[in-house]
Amino acid sequence: MKSLILTILYLAKDTVHRWFARISSPLARVLVVFFLSLSALSALGSYAISAKLVKNKIIRQGGDLVSATMTHNPDIPSAFPTEKQVADLLNADSYALSIIGFARTEERRTLTVYTYDFCRSGQMQQILGATNVPIVLASEESDFTPGPTSLTINNIRLDAQVRHMPPEHPIMRLVGDAAVIISVDNLPPALTPKTATLSTILRVRNLESSADITRLEQYLRTFMRLEGRHGGVISASRLLSEMDDALSKQMQCRAAFCLGISGIVGILLTALAGMEYRQNEYIYTLMKSFGIRPLLLVGAFIVENLIIVGASFAAALAAFMHFQRPIVTQILRLGNYSLTLQEILPEIQLICYTLLGCILVSSLPIIAAANRDIGRVLK
């Protein structure tokens with residue numbers, strides 16, 4: 001054990017001595033790995049930002065939603081699955097309203113009247129509040145003024161309340177610019193939900209690809225088929241498929257970029273490691289003759305490269321995270337956006353795996369040299 005510790009200390013001292021004796025060798029590795037890693041982070045970071053911007057734009061435009069309108073089947077007295085059932089089965093949020101008639105406002109505008117079943121009363125109360133009067137739900141850009149109003153439904157005059165909702169909310173995407181929503185236990189006598197047309201929206205919670213939307217589409221189509229309902233399903237699955245194609249091409253560019261970096265770094269590390277081993281091969285062979293295993297000699301070079309490459313990459317990552325805003329906004333022209341460490345983590349892992357592969361490949365000549373016959377070196 002003592003001899004092993006002394007051998008490791010000697011190899012560490014020899015490594016430090018070589019660094020100071022030929023400063024160009026570690027400095028070349030540090031500079032090459034630093035600038036190549038910084039370039040890789042900038043390029044791969046731009047890919048991550050562009051993908052994030054496209055994804056956010058698609059979500060803002062409702063790309064994570066699947067809407068469906070379906071008729072009622074009087075032969076099957078069933079209800080749409082509850083919010084919890086949809087969440088557990090599809091990992092999606094769901095909103096379901098039934099069209100039961102029309103109402104006229106004081107301004108003589110005709111609005112569609114919706115209601116909801118009991119299983120979604122808690123969800124709708126969070127949106128509409130606990131009031132029992134009909135709610136005129138309008139977008140913030142509409143000309144409806146929040147506050148009390150009145151409605152006429154089948155010649156019956158009702159007090160109502162106008163409330164604004166953000167236009168990007170799924171309920172507003174379901175009902176449009178404005179609509180009337182009445183709870184099922186406060187419906188006027190002339191309205192009945194028994195023959196209502198169901199309108200529903202499902203929103204995937206974590207949109208990754210078009211497969212998430214396709215899964216929701218298939219669920220709604222299967223539901224309509226099994227219950228004998230007629231209707232249509234609308235989604236942005238085609239647009240998302242195009243996004244998937246673009247991202248797959250982006251992945252190919254990322255792979256090609258990393259292969260180029262690995263080629264440069266691998267050639268540099270292999271050449272320098274082989275040169276330094278040959279310059280000290282006589283000493284290392286003497287150590288082998290005294291019983292030192294070749295594995296320790298190879299391990300010393302691997303650890304040396306791990307320290308140099310790891311420190312260089314860490315410095316490049318710190319520089320990128322600190323200066324990424326001017327890189328992204330001024331050089332890459334991707335707008336005022338910056339990546340968090342969590343968002344760029346896949347790119348960091350990809351570069352780390354690439355550099356680790358370079359280190360292992362660069363050790364192959366050392367392995368071959370360290371296992372040469374002692375007599376052929378010392379003769």
Side-chain angles (χ1 to χ4, degrees), residues 15-16 19 22-60 206-209 243-273 301-363:
T15 300
V16 174
W19 286 358
R22 291 183 296 274
I23 192 66
S24 60
S25 175
L27 185 61
R29 283 176 280 180
V30 168
L31 293 178
V32 169
V33 174
F34 175 82
F35 285 108
L36 285 178
S37 298
L38 186 59
S39 300
L41 288 169
S42 301
L44 299 183
S46 69
Y47 288 145
I49 290 175
S50 60
K52 185 76 172 179
L53 293 177
V54 170
K55 181 179 177 180
N56 290 342
K57 183 178 181 180
I58 289 175
I59 291 177
R60 283 197 305 270
N206 187 20
L207 180 63
E208 295 294 341
S209 67
M243 182 191 74
D244 292 345
D245 293 339
L247 291 180
S248 69
K249 295 178 181 177
Q250 190 183 92
M251 289 296 294
Q252 295 174 4
C253 293
R254 292 172 63 195
F257 195 85
C258 287
L259 284 175
I261 290 177
S262 64
I264 297 173
V265 175
I267 291 173
L268 175 70
L269 295 181
T270 302
L272 290 178
F301 279 89
I302 292 178
V303 171
E304 176 186 355
N305 281 330
L306 282 174
I307 293 173
I308 293 177
V309 173
S312 302
F313 177 73
L317 177 60
F320 174 78
M321 296 304 294
H322 184 73
F323 296 106
Q324 66 168 309
R325 190 171 293 275
I327 293 175
V328 170
T329 57
Q330 301 299 325
I331 300 177
L332 302 177
R333 303 291 183 181
L334 291 176
N336 190 20
Y337 189 89
S338 59
L339 290 168
T340 64
L341 196 61
Q342 184 66 29
E343 289 174 332
I344 202 175
L345 184 59
E347 280 66 32
I348 294 175
Q349 293 174 339
L350 180 61
I351 298 174
C352 287
Y353 294 147
T354 300
L355 294 177
L356 181 60
C358 292
I359 293 173
L360 296 178
V361 170
S362 68
S363 66

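The basis for the numbers below is simple: all heavy atoms, side chains too, and nothing from hydrogens, waters or symmetry mates. Positions are given from 1 along the sequence.
By the 6.0 Å contact criterion, CD on Q342 is open, its count of non-hydrogen atoms from other residues, nucleotides or ligands being 12 or less.
For the atom pair Y353 OH and C358 SG, the distance stands at 15.0 Å (nearest 0.5 Å). For the atom pair CG (L356) and CD1 (I351), the distance works out to 13.5 Å, reported to the nearest 0.5 Å. Here the CG atom belonging to L41 is positioned 5.5 Å from the CD1 atom belonging to I344, to the nearest 0.5 angstrom. Distance check, rounded to the nearest 0.5 Å: CG of L355 to CG of L350 gives 9.5 Å.
Sorted by first and then second residue, the salt bridge (charged side-chain N to carboxylate O under 4.0 Å, His left out) pairs involving residues 307-322 (not counting sequence neighbours) form an empty list. Residue pairs satisfying the salt bridge (charged side-chain N to carboxylate O under 4.0 Å, His left out) criterion with at least one member in residues 345-358, sequence neighbours excluded, are listed as follows: R254-E347.
When each of L38, V33, L317 is paired with S312, the side chain to side chain contact (heavy atoms under 4.5 Å, CB included) condition holds for V33 and for no other.
For C352 against F313, the heavy-atom pair with the smallest separation is SG-CE2, 3.5 Å.
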